[in-house]
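In what follows, chains are A, B, ... by sequence order, proteins preceding strands, each numbered from 1.
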Number of protein chains: 2
Amino acid sequence: MPTTTQDSSIAALLRDDILRGQYRCGERLPSERDLAVRFGVHRSTVREAFKRLEQLGVARIAPGGARVAPLEEASLDIVEHLLALDDVPDPEIVDQVLEALSGFRAMAARLGTERADAGQRARLLEILDAMTRSGLGNEQYSELVSELSDRFVEASGNMVLRLMGHSLRPKLAHTRLGYGLFSDPPSRAEVEKHLEQLVRAIESADGTLASEAIYDLSRLFRRSLRERSTSAERSLPEERALPEAQPMADVHEPALAAARAGARSGRSARAGGRS
Amino acid sequence: MPTTTQDSSIAALLRDDILRGQYRCGERLPSERDLAVRFGVHRSTVREAFKRLEQLGVARIAPGGARVAPLEEASLDIVEHLLALDDVPDPEIVDQVLEALSGFRAMAARLGTERADAGQRARLLEILDAMTRSGLGNEQYSELVSELSDRFVEASGNMVLRLMGHSLRPKLAHTRLGYGLFSDPPSRAEVEKHLEQLVRAIESADGTLASEAIYDLSRLFRRSLRERSTSAERSLPEERALPEAQPMADVHEPALAAARAGARSGRSARAGGRS
DNA sequence: CGTGCCACCATGGTCCGACCAAAACCCCCG
DNA sequence: CGGGGGTTTTGGTCGGACCATGGTGGCACG
């Protein structure tokens with residue numbers, strides 16, 4: 001049992017506050033001394049929490065006061081905490097994570113397919129074979145997808161992929177919205193089409209083909225999931241085809257809103273490129 | 001001038017030691033008290049450094065002693081420090097980063113292309129136009145590639161991509177081996193072929209095509225770079241087509257070796273899957 | 001009344017020393 | 001040779017203290 005220390009609890013609290021948008025970017029957060037009395041701990045404890053926040057990239061601490069850092073400086077690691085912010089995570093965030101996950105897996109599939117040795121290839125095909133077996137629950141199915149993804153990463157031999165992977169991969173399992181909970185799974189025929197494509201890709205070491213297969217496959221499930229969550233959470237029938245036209249009349253979470261706005265438009269702020 | 005604090009210096013020192021493989025995974029690193037006297041600072045300063053290391057995912061600190069964490073727990077953020085470990089970074093690492101970067105950019109291109117609005121599309125084409133201009137140094141060229149990549153990320157509207165991006169993107173600029181220093185750049189014709197493909201992809205909002213174009217383009221440069229660095233640093237003529245057959249008779253850096261081995265084979269260690 | 005300078009205060013960075021609980025270690029006993 | 005219990009070490013936290021710096025308000029001057 002990993003007894004959670006006070007400093008990490010405090011760090012988690014502050015981190016979530018920041019991610020939730022309690023403090024706007026650039027805003028000063030309370031002084032170490034203030035927080036120390038507020039939390040009833042010694043200042044050095046708060047201090048350690050601050051160091052974590054800084055390393056996470058969500059805060060910048062400097063004489064004069066610690067300030068909330070812009071999202072550009074945050075670590076990829078914040079993704080998991082974004083998902084864990086609320087009991088039922090923001091569907092928008094979930095969707096973005098799934099989208100990135102699809103892309104990541106496509107990348108892994110490409111590199112893994114190109115590099116896999118015979119044994120790895122066999123293992124990959126084995127998993128794919130298991131996936132085509134009928135009677136698989138969504139749970140086991142997504143388990144296999146994860147497994148497959150891991151094997152691709154492994155076969156790619158690329159450590160950077162590995163690192164990206166475990167900042168992304170398991171984080172959805174925590175949430176109620178992880179893979180495996182859609183009421184309207186994609187059609188079996190469609191899935192199998194992509195699976196077959198993937199088999200061919202692996203057998204011929206065609207990275208591009210594998211990449212496409214995985215991406216399309218992921219997209220199928222992602223779409224099911226999105227439809228489910230959006231219909232459950234709210235009711236926006238439009239297919240988000242026009243991102244910037246979206247009302248964005250959201251609930252709370254200014255940080256996320258800012259993140260989206262930043263990721264979406266962003267350019268207007270710093271229009272003139274360099275050079 | 002960001003005056004670097006003692007705790008961050010110490011954290012950096014320890015981090016580099018760990019990444020360099022001075023301590024094997026799981027090994028205990030010196031106690032806070034030891035390090036305090038060794039560095040001539042107070043224990044609490046070392047302590048803050050430790051918190052950073054833990055947040056970075058390179059160390060796990062617990063009563064009884066802090067231990068080096070397995071690579072699986074490390075943050076993507078260590079990549080930049082891996083590149084900065086030596087004056088001339090390990091070509092293997094550089095190659096892996098470039099490879100991941102290619103994949104990432106391909107992903108960004110796909111999502112960005114699919115989602116870009118008219119303005120973003122115009123901006124993308126603008127950059128591509130600049131890239132086809134003759135007389136560009138490799139420096140400016142890679143600058144444009146970066147810019148293009150950023151715009152894709154922006155157009156994708158995906159915050160996760162954004163986060164991944166700035167853990168990956170600028171880190172090569174520090175090194176002597178960044179894009180732009182190859183003596184044998186890819187042929188102009190080949191490059192332009194992909195650029196044209198990319199233009200078509202953007203105009204038709206074809207994510208897959210864009211992804212391919214970017215990936216192939218990146219690969220061109222990556223190959224030139226790899227050839228250059230390998231010929232300069234050492235002499236291994238083989239094209240690394242057989243990863244596991246590679247002698248791996250490297251110099252030092254057990255951590256990286258472990259990373260590679262882990263990412264490459266890995267499976268044998270934990271053979272039996274779950275479920 | 002407006003403006004610029006300066007002292008003051010809050011803040012982070014670091015240090016000292018101390019206590020506790022748990023893990024690690026070691027030696028002695030069976 | 002193995003196991004058990006006590007000792008040592010280690011991290012977690014605390015209280016307080018000093019310093020340099022940056023922010024801020026007030027005071028004197030124009």
Inset, instruction - Return the 5'-most residue of the pair G40(A), P63(B) with respect to DNA chain D, ranking by each residue's nearest nucleotide. - result: P63(B)
Inset, instruction - Would you kindly compare R67(A) and I61(B) by the position of their nearest DNA chain D nucleotide and give the one closer to the 5′ end? - result: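 Comparing both residues, the 5'-ward one is I61(B).
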Inset, instruction - May I ask you to verify whether the side chain of R33(B) and the base of dG11(D) hold a donor-acceptor pair under 3.5 Å? - result: yes
Legend entry - Heavy-atom donor-acceptor pair, R43(B) side-chain to dG17(C) base, under 3.5 Å: no
[X] vs [N]: side-chain N/O to OP1/OP2 distance below 4.0 Å:
X: T45(B); N: dT14(C); value: no
X: R28(B); N: dT10(D); value: yes
X: S31(B); N: dT10(D); value: yes

Do side-chain atoms of [X] reach the backbone of [Y] as a donor and acceptor pair under 3.5 angstrom?
X: S167(B); Y: M164(B); value: no
X: E48(A); Y: D7(A); value: no
X: S31(B); Y: D34(B); value: yes

Whole angstrom is fine here: how far is it from [atom1] in [X] over to [atom2] in [N]?
X: E27(B); N: dA24(C); atom1: CD; atom2: C1'; value: 16 Å
X: R60(A); N: dG12(C); atom1: CZ; atom2: C1'; value: 16 Å
X: R47(B); N: dC15(C); atom1: CZ; atom2: P; value: 15 Å
X: L35(A); N: dA10(C); atom1: CG; atom2: C1'; value: 14 Å
X: I10(B); N: dG13(C); atom1: CD1; atom2: P; value: 14 Å
X: K51(A); N: dG13(C); atom1: NZ; atom2: P; value: 4 Å
X: E32(A); N: dA10(C); atom1: CD; atom2: C1'; value: 12 Å
X: D34(B); N: dT9(D); atom1: CG; atom2: C1'; value: 10 Å

Inset, instruction - Consider only side-chain N and O atoms of S44(B) and S44(A), and report whether a donor and an acceptor are under 3.5 Å apart. - result: no
Legend entry - Residue of the set E72(A), E73(A), E27(A) for which salt bridge (charged side-chain N to carboxylate O under 4.0 Å, His left out) holds with R60(A): E73(A)
Legend entry - Residue mapping more 5' on DNA chain C - nearest nucleotide basis, A66(A) or H42(A):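 Result of the comparison: A66(A).
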Inset, instruction - Could you check which of dG12(C), dC15(C), dG13(C) has an atom nearest any side-chain atom of T5(B)? - result: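 The answer is dG13(C), which lies nearest to the side chain.
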